[in-house]
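One structure below.
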Amino acid sequence: MKELNNNDKEYLLSTIRDIEDFPKPGITFKDITTLLKDKKAFGFLLDHLEERYKSYDLDFIAGIDSRGFIFGAPLADRLGVGFVPIRKQGKLPYTTISEKYSLEYGFDEVEVHIDAFSCEKSSPKVLLIDDLIATGGTAKAAATLVKQAGGDCVEACFIINLQFLKGDVELKKETTVYSVLEIL
Ligand code: AMP
């Protein structure tokens with residue numbers, strides 16, 4: 001089960017709620033809290049991700065602040081690998097490296113601890129995960145950070161890709177991209 005069939009995708013999609021005009025007019029927010037509270041759907045999704053990634057020989061999963069933590073941490077536990085949080089600027093207590101990226105207006109910044117991927121391997125395999133890719137700015141900055149911190153970003157995984165925004169196109173220049181659900 002490396003990828004889901006259409007019935008399974010429709011099932012998971014049916015558990016995600018669309019909130020119109022949030023956080024501002026014109027945006028349809030994909031609310032994954034309805035998936036999370038549905039233990040069958042959440043378990044089904046984690047089963048799928050575990051099945052897909054169990055043969056990747058990963059060393060770490062890096063989750064993007066904050067909804068990437070919700071999927072990344074239990075998946076890391078299932079796969080028996082470490083979990084690394086990639087956080088918004090100013091949240092991590094130890095020495096960090098950071099990467100800025102542009103938003104519609106202005107900039108944002110993500111950070112990771114400088115020793116986040118230090119282990120017995122010189123280039124540990126890292127899976128990057130977030131709930132959703134929109135323009136791709138956050139994920140591209142996070143993938144850059146993984147590399148700067150010494151990790152080998154083997155894939156970026158999203159539960160949802162807003163494909164019409166083409167955020168995955170730039171990211172694919174950095175790493176392979178897998179999205180469980182595509183919104184056309
Ligand atoms: P981007 O950098 O544009 O790819 O934005 C991705 C980040 O913003 C992810 O961490 C998402 O959780 C969040 N995000 C952006 N657009 C949406 C949306 N329509 N629904 C839910 N989350 C979103």
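Counting starts at 1 for both ligands and their atoms, following the listed order. Residues take their numbers from the sequence shown, with the count starting at 1.
- Considering only non-hydrogen atoms, atom 4 (O) of ligand 1 lies nearest to Gly136 out of Gly136, Gly167, Ala141.
- Below 4.0 Å from some heavy atom of Leu162 lie the following atoms of ligand 1, by number and element: 19 (N).
- Crowding of Phe164 atom CZ: a count of heavy atoms from other residues, nucleotides or ligands under 6.0 Å exceeding 12.
- Distance CG/Leu128 to SG/Cys157: 9.0 Å, rounded to 0.5 Å.
- Contact annotation for Leu132 and ligand 1: heavy atoms of both the backbone and the side chain come within less than 4.0 Å of the ligand.
- The Arg67 neighbourhood of ligand 1 comprises atoms 11 (C), 12 (O), 13 (C), 22 (N), with distances under 4.0 Å to a heavy atom of that residue.
- For the residue pair Lys2/Ser55, the side-chain donor-acceptor check at 3.5 Å is satisfied.
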Practice task
Could you walk me through whether Asp47 and Arg78 pass the salt bridge (charged side-chain N to carboxylate O under 4.0 Å, His left out) test, one step at a time?
Solution key: CA-CA 9 Å; Asp47 285 348; Arg78 281 179 173 220; 2.8 Å; yes
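- Of all protein heavy atoms, the one lying nearest to atom 19 (N) of ligand 1 is Thr28 O, 3.0 Å.
- For the residue pair Tyr178/Glu3, the side-chain donor-acceptor check at 3.5 Å is not satisfied.
- The shortest distance between side-chain heavy atoms of Tyr94 and Asp115 falls below 4.5 Å.
- In summary, the atoms of ligand 1 found under 4.0 Å from a heavy atom of Asp130, numbered by their order in the structure, are 9 (C), 10 (O).
- Scanning the protein heavy atoms around atom 7 (C) of ligand 1, the nearest turns out to be Thr138 OG1, 4.0 Å.
- Taking only nitrogen or oxygen atoms, main chain and side chain alike, Ala134 reaches within less than 3.5 Å of ligand 1.
- To the nearest 0.5 Å, atom CG of residue Leu13 and atom CD of residue Glu182 are 10.5 Å apart.
- Remark: atom 1 (P) of ligand 1 lies closer than 4.0 Å to at least one protein heavy atom.
- For Thr175 (side chain) and Cys153 (main-chain N/O), a donor-acceptor pair under 3.5 Å exists by modelled atom type.
- Of all protein heavy atoms, the one closest to atom 20 (N) of ligand 1 is Lys30 N, 2.9 Å.
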Exercise for the section: Go through the steps for Asp59 and Lys121 under the test salt bridge (charged side-chain N to carboxylate O under 4.0 Å, His left out), then give the verdict. Expected result: CA-CA 9 Å; Asp59 296 297; Lys121 289 193 186 166; 2.9 Å; yes
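- Regarding atom 3 (O) of ligand 1, its nearest protein heavy-atom neighbour is Thr135 OG1, 2.6 Å.
- The protein non-hydrogen atom at the shortest distance from atom 21 (C) of ligand 1 is Phe29 CE1, 3.3 Å.
- Every atom of ligand 1 is numbered from 1 in the order shown, and the set under 4.0 Å from a heavy atom of Asp131 is 9 (C), 10 (O), 11 (C), 12 (O).
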